[in-house]
Structure formats: C-alpha cells, structure tokens
Amino acid sequence: PALTTIAGTDKSPLLQKRAVELLVDQTPAEALAAIKKLLKNPKVTDPMVLTELVRGVQRCGYDKTCWAEVEPLFERSFAQESLPLHEAILDLAKVCREKQALPLLLRHLDEPKPADVHAADNPPADYWEARWKAWQAWRPRVVDAIEAITGQKFENAEAAKQWLKKNPQK
C-alpha cells in the first residue's frame, strides 16, 4: 500500500517511478492489482512512470482486462518523452499477442497525415511533426506486433484490413 500511495500521489516523477519498480517486485497478483489501479489514477501522468507501469503489467501476469487501461496511453501524447511508453505498449501487444491491440496497431501502421489539411478540426503542424517523428521511431515495432498477432507481415493498413476481413481473429 505504501508503494501504491507514493506512485500515485508523490510530486516527484523519479520517486513515483522508483515506487513502481519496487511494486513490480512484489507478489505478482497483488502487484498487478495495484498497477491496474495506478493506470486508472488521473494523477499519474508522467510518461516515465507510465512506461514502468506498462512494463510492470507485462511482468506481473498481463491479462486481457489490462488492455482497456493501457491502450488510451498510446495516443495521449506523441512527444519525444513518450517514445519509451509507446515502445512498452507495442512490446506488450507483441509479447502477449493481444488481439484487442489490432485497431490501434492498424491506425499507426501507415505514415501519419491529416485527412484534410484545411479542415477546421485538423491539429496544428507541430502535432503532425511530433506524430511523424514518433511514428518513424516505433513503426518497425508496429509491424512486428501485427505479425506476432496475425502471423502475417503487412506494408500498409489497407492490406492488413483486407486480410483480417478474410481471416478474422478469434
């Protein structure tokens, strides 16, 4: 409980991260329950801490119910400091062969670009630059995760979607 409190409330991201590292070394069942609780905690926002939580989920016995807490973290930010978090999520999807990750993976398989550059709701250029740089860094992991889940290697999302229509994942 003390580690969960520190990880969830301390103002220092370094102390939060260290608390999570120590938490992961506890009994896996108890640690996983605490990690799930921390993933839902709106006060836990530092990418470094979230990265350790995602890695902890994998170490402590990932189950399918964890994906609902992990998935939203991926698209929260595309800033450089979030790259380790993205990589941890992609590694989790690959190692656990998480079929629920396929929609996320397919959204990030192709090069990011706005659907309509002139649309009023189109994010600013700095968003697209950050997203493109992040995509460049982890795209191979996206390809690897899709291959681990489906057994197929795809060059673009459309080819993957067509294959998935003919071969639905169970």
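The first residue of the sequence shown is numbered 1, and numbering continues consecutively from there.
- Here the shortest heavy-atom pairing between Ala160 and Leu106 reads CB-CD2, 3.4 Å.
- A distance of 7.5 Å separates SG of Cys66 from CG of Leu39, quoted to the nearest 0.5 Å.
- Ile146 CD1 to Leu102 CG: the interatomic distance, rounded to the nearest 0.5 Å, is 7.0 Å.
- Salt-bridge formation is not detected for the pair Arg141/Glu147: no Lys NZ or Arg NE/NH1/NH2 atom is positioned less than 4.0 Å from an Asp or Glu carboxylate oxygen.
- A salt bridge links Glu52 to Arg55: at least one charged side-chain nitrogen sits closer than 4.0 Å to a carboxylate oxygen.
- Note on Arg59 versus Asp25: salt bridge recorded, some NZ/NE/NH1/NH2 to OD/OE distance being below 4.0 Å.
- Aromatic ring orientation, His108 versus Phe78: tilted (interplanar angle from 30° to 60°).
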Item checked: Steps toward salt bridge (charged side-chain N to carboxylate O under 4.0 Å, His left out) verdict (Arg107, Glu71) -> CA-CA 12 Å; Arg107 280 195 306 273; Glu71 180 183 21; 3.6 Å; yes
Next item on the list: Verify side chain to side chain contact (heavy atoms under 4.5 Å, CB included) between Tyr62 and Glu98, making sure each step is shown before the conclusion.
Entry: CA-CA 10 Å; Tyr62 173 83; Glu98 181 52 73; 2.5 Å; yes
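- Within the 3.5 Å criterion, the main-chain N or O of Leu22 finds a donor-acceptor partner in the side chain of Gln26.
- Although no hydrogens or angles enter the test, the distance criterion places a donor-acceptor pair under 3.5 Å between the side chain of Asp110 and the main chain of Ala157.
- Taking all atoms of both residues into account, the shortest heavy-atom contact from Leu53 to Ile35 is O-CG2, 3.5 Å.
- Between Ala19 and Leu3 the shortest heavy-atom distance is CB-O, 3.6 Å.
- Few gaps surround NZ on Lys64; more than 12 heavy atoms of other groups in view lie less than 6.0 Å from it.
- When all heavy atoms of Gln16 and Lys43 are compared, the closest pair comes out as NE2-O, 4.3 Å.
- With rounding to the nearest 0.5 Å, the separation of OG1 in Thr150 from CG in Asn167 is 9.0 Å.
- For the pair Asp63 and Lys36, the salt-bridge criterion is met [side-chain N within less than 4.0 Å of a carboxylate O].
- With hydrogens and angles disregarded, no donor-acceptor distance shorter than 3.5 Å links the side chain of Thr27 to the backbone of Ala29.
- Taken to the nearest 0.5 Å, the CD atom of Gln58 stands 12.0 Å off from the CG atom of Leu32.
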Next item on the list: Take Arg139 and Glu111, measure what salt bridge (charged side-chain N to carboxylate O under 4.0 Å, His left out) needs, and give me the verdict at the end.
Entry: CA-CA 9 Å; Arg139 185 184 187 271; Glu111 181 177 358; over 6 Å; no
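- The minimum heavy-atom distance linking Val49 with Val20 is given by the pair CG1-CG2, 4.1 Å.
- Between Arg76 and Leu85 there is no side-chain heavy-atom pair separated by less than 4.5 Å.
- Using a 4.5 Å cut-off between side-chain heavy atoms of Ile, Leu, Val, Met, Phe, Trp and Tyr, with links allowed through other members, Trp128 and Leu83 fall into the same hydrophobic cluster.
- Here the CG atom belonging to Leu23 is positioned 11.5 Å from the CZ atom belonging to Arg18, to the nearest 0.5 angstrom.
- A side chain to side chain contact (heavy atoms under 4.5 Å, CB included) with Leu90 is found for exactly one of Leu105, Val143, Asp144, namely Leu105.
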Check: Hey, mind stepping through Val57 and Glu69 against side chain to side chain contact (heavy atoms under 4.5 Å, CB included) and telling me if it holds?
Finding: CA-CA 10 Å; Val57 165; Glu69 280 82 39; over 6 Å; no
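- To the nearest 0.5 angstrom, Ile89 atom CD1 is 8.0 Å from Leu50 atom CG.
- In the hydrophobic clustering of ILVMFWY residues, with side-chain heavy atoms under 4.5 Å counting as a link, Trp163 and Leu104 come out together.
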Item checked: Criterion ring pair (Phe, Tyr, Trp, His ring centres under 6.0 Å) on Phe74 and Trp138, from CA distance to verdict -> CA-CA 12 Å; Phe74 193 88; Trp138 41 250; 5.0 Å; yes
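- Contact between Pro112 and Arg131 at its shortest, heavy atoms only, is CB-NE, 3.6 Å.
- In the hydrophobic clustering of ILVMFWY residues, with side-chain heavy atoms under 4.5 Å counting as a link, Leu73 and Trp135 come out together.
- Under a cut-off of 6.0 angstrom, the local environment of CZ in Arg97 is sparse, with at most 12 non-hydrogen atoms contributed by other residues, nucleotides or ligands.
- Put simply, Leu109 and Trp132 are part of the same group of oily side chains (I, L, V, M, F, W, Y) that touch within less than 4.5 Å, one to the next.
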